[in-house]
Amino acid sequence: MRLERRQGVPIAVRLALPLIAIAVALALCSFFLLWAGTNVGQAYLSLAKGAFGSRFALTETLTRATPLIFTGLAAAVAFRAKLWNIGAEGQLYVGAMAITFFGTGLVSLPPVLMVPFLFFVAIVAGGLLLLISTVLKTWLRVDEVVTTLLLNFVVLLFVDYLLFGPWKDPMALGWPQAARIIEEGRLAGIVPRSRLHTGVLFALGAACLVWILMRYTRWGFEIRAVGHNIKAAHFSGIPVKWAVMRTALLSGGLAACAGVTEVAGTKGYLTVDISPGFGYTGIAVAMLAGLNPLGVIGAAIFFAGIYNGADSMSRAMNVSNYIADVITATALLSMLVCSLLVQYRLRRD
Amino acid sequence: MTATSGELVLEGRLITKASPREFIEAGVARIPEDRHEVGIVGEMSIPENLIIESYRDSEFQRGGWMRGRQIAQYAKSLCDTFDIRGSGEAQQAKELSGGNIQKLILARVLNKRPRLIIASQPTRGLDVGAQSQVHQRLLDAKQSGAAVFIVSEDLEELFALCDRLHVMFEGRLSESIPIEQANIDDIGLMMTGKVIRSSGRAA
């Protein structure tokens, strides 16, 4: 038996792919729910309610999806250029540190300028962090998977040091947290009595911009050519190294924006636990979206919904909320299998 | 690969250490041996592959924005002229047949009126129809004044296309043999390392 490439897969099938994968994942996970001794239908109903079933659930899901959109975009852009950025978590915290440095009183501008300024410093910081690994990869052939992954721990420990040391807010009753972002730099709430803030609009805008960039610009053309076939791109006269550097700045900058939405939006100040692994989940989001920037929006909302919904399901049905991790992991695996089966057919010889 | 000794001069321009882009701008056309690996970006569309060596031209982009309509028009006219048969402009280049991929590469480089064409195994693995189309394109380019450099193991192809032959054996190049003085048996012997005198007789 061997795999044979199918010709001309219809676009509708490609679009339906993530939905099929999610359906398969939910079907597979129902076995785990049965095993745990609960009613599958009721369990999924409470999961859906907890994810999207009320105003509160919906705003919480969107709040959680916001950083995931940014980290998902970071992974989608980098992976498109075959730059394996596993360091979105570190870039997120570097962005969070940058805005804490500039945004807690050092610089004060009117809100219309302050928020863009904070995004700017975060993007620069995150982009530079990924640039370190990318320069090492391009000129010294150091594996960027290793360097980006390990830098996550370096950055996180540095945040730890700052929050227990020089940046510790004396007003925080001993908690390891930094001073608040000044009012001008905060992302305003957009739905009353909820945590949802303008960060979600920035995230949606960023996804559209990245989509346009990849599809309609010269830089996107170069990034796609380099990612799909670096040799052919090089011999065709595309400046491969510069294209990869630009990708690194973009990807690191996008991941850092997730730090902005959490510190200047959801939380208001920097702590060591602003991200429950958004950087890593972003990789899964990008894969489920098939690396499509617009698909990242849907995938991020799905992941955020599963995590939020699993919490309320575990309360209502008394099953462990770790089922959320099982569902998202199964969705990812079934996405990979489904896309393999769509692109190839099995042939007996 | 970079040269370790000697220099490359094209029409008075020194291009020994030129980058791929400088080679293209100097008028060098590249028809690589491995069409799929270094010839095309298989996952990109046919129009994108047709402009990949000239995407910076103001015809195809302006201020960093790709000009989709111009690119599509350009691709359509090239597909007509060079008889590239695909299922549409959104089709990925890797879905084309080998012959159509080779025609795509020819269209991409020949339309730029190159001064020097370097073709490696230009018809290997192609059917007879595609072979003769490739041969005709290369002869046309020669007629219009381009220098054509062909690397091939197909002796009949070389005799059909070339004015002069060199044989490479164990890294050494033989002296130049005008096509009128060459015969296919001698060339075959030289390929196995026999030294042939310029009189054309085996030593």
Side-chain angles (χ1 to χ4, degrees), chain A residues 3-15 76 79-82 138 208-247 249-250 290-292 339-340 342-345, chain B residues 1 18-26 28-45 47-58 60-69 71 86-88 90-97 101 104-105 108-109 112 118 120:
Chain A
L3 289 171
E4 189 185 65
R5 186 169 277 281
R6 286 177 205 259
Q7 301 276 311
V9 182
I11 195 91
V13 175
R14 281 187 201 163
L15 288 177
F79 290 6
R80 194 42 103 204
K82 293 222 165 71
T138 312
C208 296
L209 283 179
V210 170
W211 183 75
I212 290 169
L213 177 92
M214 295 300 277
R215 205 180 157 91
Y216 294 109
T217 70
R218 202 181 82 194
W219 287 8
F221 183 89
E222 290 174 345
I223 290 172
R224 283 183 294 128
V226 168
H228 286 309
N229 187 340
I230 191 164
K231 263 196 207 160
H234 171 68
F235 287 120
S236 300
I238 291 175
V240 170
K241 285 177 180 168
W242 292 117
V244 176
M245 295 297 134
R246 277 200 292 265
T247 312
L249 287 174
L250 183 63
L291 303 188
N292 182 317
S339 67
L340 189 76
V342 164
Q343 280 170 26
Y344 297 89
R345 70 176 125 235
Chain B
M1 217 160 61
S19 68
R21 184 172 155 195
E22 287 161 341
F23 267 104
I24 293 164
E25 282 166 1
V28 180
R30 171 187 69 108
I31 301 172
E33 177 174 348
D34 193 335
R35 300 190 266 274
H36 291 269
E37 283 297 309
V38 296
I40 58 164
V41 179
E43 284 81 5
M44 289 172 87
S45 69
E48 285 175 322
N49 272 285
L50 281 169
I51 61 152
I52 197 166
E53 289 190 354
S54 49
Y55 68 98
R56 271 191 211 78
D57 295 358
S58 58
F60 304 129
Q61 62 95 24
R62 195 173 276 168
W65 294 92
M66 301 305 286
R67 303 174 72 185
R69 203 173 302 141
I71 293 168
S87 64
Q91 191 183 21
Q92 293 187 337
K94 69 180 171 191
E95 290 175 359
L96 292 172
S97 67
I101 288 178
L104 187 158
I105 292 170
R108 176 168 79 200
V109 296
K112 295 281 148 197
I118 300 174
S120 182

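Chain identifiers are assigned alphabetically (A, B, ...) following the order of the sequence lines, protein sequences preceding nucleic acid strands; residue numbering begins at 1 within each chain.
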Between B:I52 and chain A, with a heavy-atom cut-off of 4.5 Å, which part of the residue counts as in contact: side chain, backbone, both or neither?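 When you check distances to chain A, atoms from both the backbone and side chain of B:I52 fall under 4.5 Å.
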Part of B:Q61 within contact of chain A (heavy atom distance under 4.5 Å):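 The answer is the side chain of B:Q61.
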Which atom pair, heavy atoms only, marks the closest approach of [X] to [Y]?
{"X": "B:I105", "Y": "B:G39", "result": "CD1-CA, 3.9 Å"}
{"X": "B:E37", "Y": "A:N229", "result": "O-ND2, 2.9 Å"}
{"X": "B:M66", "Y": "B:Y55", "result": "CE-CB, 4.1 Å"}

Under a 4.0 Å threshold between the charged nitrogen and the carboxylate oxygen, would A:R246 count as salt-bridged to A:E222?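 Answer for the salt bridge query: yes.
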Identify the residue among B:I31, B:V28, B:I24 that makes a side-chain contact (heavy atoms from CB on, under 4.5 Å) with B:V109.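 It is B:I31; the other options fail the test.
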Using a cut-off of under 4.5 Å on heavy-atom pairs, state which of A:R215, A:R218, A:K231 scores highest against chain B.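 Most heavy-atom pairs under 4.5 Å with chain B: A:R218.
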Please classify the contact of A:I230 with chain B as side chain, backbone, both or neither, using a heavy-atom distance under 4.5 Å.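 Looking at A:I230, nothing touches chain B.
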Who wins among B:G64, B:S19, B:G63 for the most heavy-atom pairs under 4.5 Å with chain A?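 Ranked by contacts with chain A, first place is B:G64.
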Could you tell me which of B:E48, B:R108, B:R21 has the largest number of non-hydrogen atom pairs under 4.5 Å with chain A?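 The residue among B:E48, B:R108, B:R21 with the greatest pair count is B:E48.
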